Amino acid sequence: MSAVVNPPNTPSALKPVLPDVAFDAAAAARPLDWVGMSNIALPLRIAAADGGSIQVAASVDVSVNLRDADARGIHMSRMYLHLQNAFASETVTPAGLRRVLQSLVDGQGGISSAARLVLRYEQLLLRPALASHNAGWKRYPVEIDARLLDGHLHLGLRFAIEYSSTCPASAALSRQLNAERFADDFAAAHPLSTAVVSDWLASERGLAATPHAQRSRADVRVELRPAFDEVPLVALIDAIEQALGTPVQTAVKREDEQAFARLNAENLMFCEDAARRVAAALSHDKRIERFDAQIAHFESLHAHDAVARVTGQGARD
């Protein structure tokens, strides 16, 4: 006798009930700190520099705690579908993130009391050239870590900034060689005219050595205070780039390259100097509760990197 198969148009009420083993008793029952999904592909709407919003591709982690020791598992598909709807049109803000986190807890039917979201994406900012009338896009990796614990929102923001660092020690050694060559070339020249010295400095003989410089990176993490309406990403990036003085460039003509060389000469720094500059910029910001910054100079002289780390608190009223 053949099995009876329901036709495609069978009313849902007549379809067989699918088994759900998630409701079975948990073996070795105990609560779990976090359960969820990682690396979910989602589009997000984030604030743009012009006050509007733009859509970016993001990788999202979502999890809730499992406080019911006897519950075998959480409702993952429910969380996934909720995330798609929640971020479909709303711009990412602290208030919006809190609503999403609370709804993730509510959707678990009482077995969870805390939720966490980690959003990773790249922020594109249009940066003007230093001297010419050009501009170009620069990307910044961003991570937002939002947690709802005991009804309170905890918001962490992580981002990275690339810049150029010219070694102060190497600059001093180069200046010494330049001075020695000048003394050798003009040992018998008396008197010296400004024009002759200027021509010599502009020639290849006028540069006996150059200090080493390298691309460098500041990896910054801040814990934000919950009293602000927006995620202050662009403002923090601007403040740190201004403090460092030598952010890497996008569109570059010769006049821009010359301006960049001048900035490097005006901002000689070890990794320790860069760490202090970053800390000074962050410690004056009232939106920041705590910060943690790691500085890495990817040495052109050494086969290893020079690193420094600094932590601190934001400004208090």
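Because the structure is a prediction, the values reported are computed rather than measured. Index from 1, following the sequence.
A salt bridge between Arg116 and Asp145 is present, with a side-chain N of the basic residue lying under 4.0 Å from a carboxylate O of the acidic one. Using a cut-off of 4.0 Å between Lys/Arg side-chain N and Asp/Glu carboxylate O, Arg225 and Glu289 are scored as salt-bridged. Residues Glu223 and Arg147 are paired through a salt bridge, judged by an N-O separation under 4.0 Å between the basic side chain and the carboxylate. Remark: Arg221 does not engage Glu143 in a salt bridge, criterion side-chain N to carboxylate O under 4.0 Å.
No option in Val278, Val220, Val307 other than Val278 meets the side chain to side chain contact (heavy atoms under 4.5 Å, CB included) test with Ile295.
Separation of atoms CZ (Arg287) and CD (Glu230) is listed at 9.5 Å; rounding is to 0.5 Å. Taken from CG in Leu104 to CD1 in Ile74, the straight-line distance is 9.5 Å, to the nearest 0.5 Å.
Side-chain contact check for Arg139 versus Gln123: every heavy-atom pair is 4.5 Å or farther apart. Between Val105 and Gln102 there is a side-chain heavy-atom pair separated by less than 4.5 Å. Side-chain contact check for Phe228 versus Thr93: every heavy-atom pair is 4.5 Å or farther apart. Residues Asn85 and Leu83 form no side-chain contact, since every pair of their non-hydrogen atoms from C-beta on lies 4.5 Å or further apart.
Atom CD of Glu255 has more than 12 neighbouring heavy atoms from other residues, nucleotides or ligands inside a 6.0 Å radius. For Glu257, the CD atom sits in a loose shell: 12 or fewer heavy atoms of surrounding residues, nucleotides or ligands are nearer than 6.0 Å. Residue-environment remark: CD (Glu266) exceeds the threshold of 12 foreign heavy atoms within 6.0 Å.
A tilted orientation is assigned to the rings of Phe182 and Phe186, their planes being inclined by 30° to 60°.
Residue pairs satisfying the salt bridge (charged side-chain N to carboxylate O under 4.0 Å, His left out) criterion with at least one member in residues 241-253, sequence neighbours excluded, are listed as follows: Arg127-Glu241, Lys138-Glu241.
In summary, the side chains of Arg45 and Thr91 do not present any donor paired with an acceptor at a separation below 3.5 Å, with no hydrogens or angles considered. In this structure, a donor-acceptor pair under 3.5 Å is absent between the side chains of Asp238 and Gln242. Side-chain polar atoms of Trp200 and Asp185 form a donor-acceptor pair below 3.5 angstrom. Side chain to side chain, His212 and Gln214 meet the donor-acceptor criterion of an N or O pair below 3.5 Å. No donor-acceptor contact under 3.5 angstrom links the side chains of Asp61 and Ser38, judged on distance only. Asn264 and Ser164 are linked by a side-chain donor-acceptor pair at a separation below 3.5 angstrom, with hydrogens and angles left out of the test.
Aromatic pair Phe298/His304: centroids not less than 6.0 angstrom apart.
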Discussion item. One pair to check against side chain to side chain donor-acceptor pair (under 3.5 Å): Ser113 and Asn65. What are the steps and the verdict?
Written reply: CA-CA 7 Å; Ser113 60; Asn65 68 335; 3.0 Å; yes
Worksheet item: Would Ser216 and Ser165 count as a side chain to side chain donor-acceptor pair (under 3.5 Å) if you check the C-alpha gap in whole Å, the side-chain angles of each, and the deciding distance to 0.1 Å?
Response: CA-CA 6 Å; Ser216 307; Ser165 60; 2.6 Å; yes
Practice prompt. May I have the step-by-step check of side chain to side chain donor-acceptor pair (under 3.5 Å) for Thr311 and Asp292, ending in yes or no?
Written response: CA-CA 4 Å; Thr311 60; Asp292 184 336; over 6 Å; no
Discussion item. Between His75 and Tyr80, does the side chain to side chain donor-acceptor pair (under 3.5 Å) criterion hold? Intermediate values first, please.
Written reply: CA-CA 9 Å; His75 304 283; Tyr80 181 90; over 6 Å; no
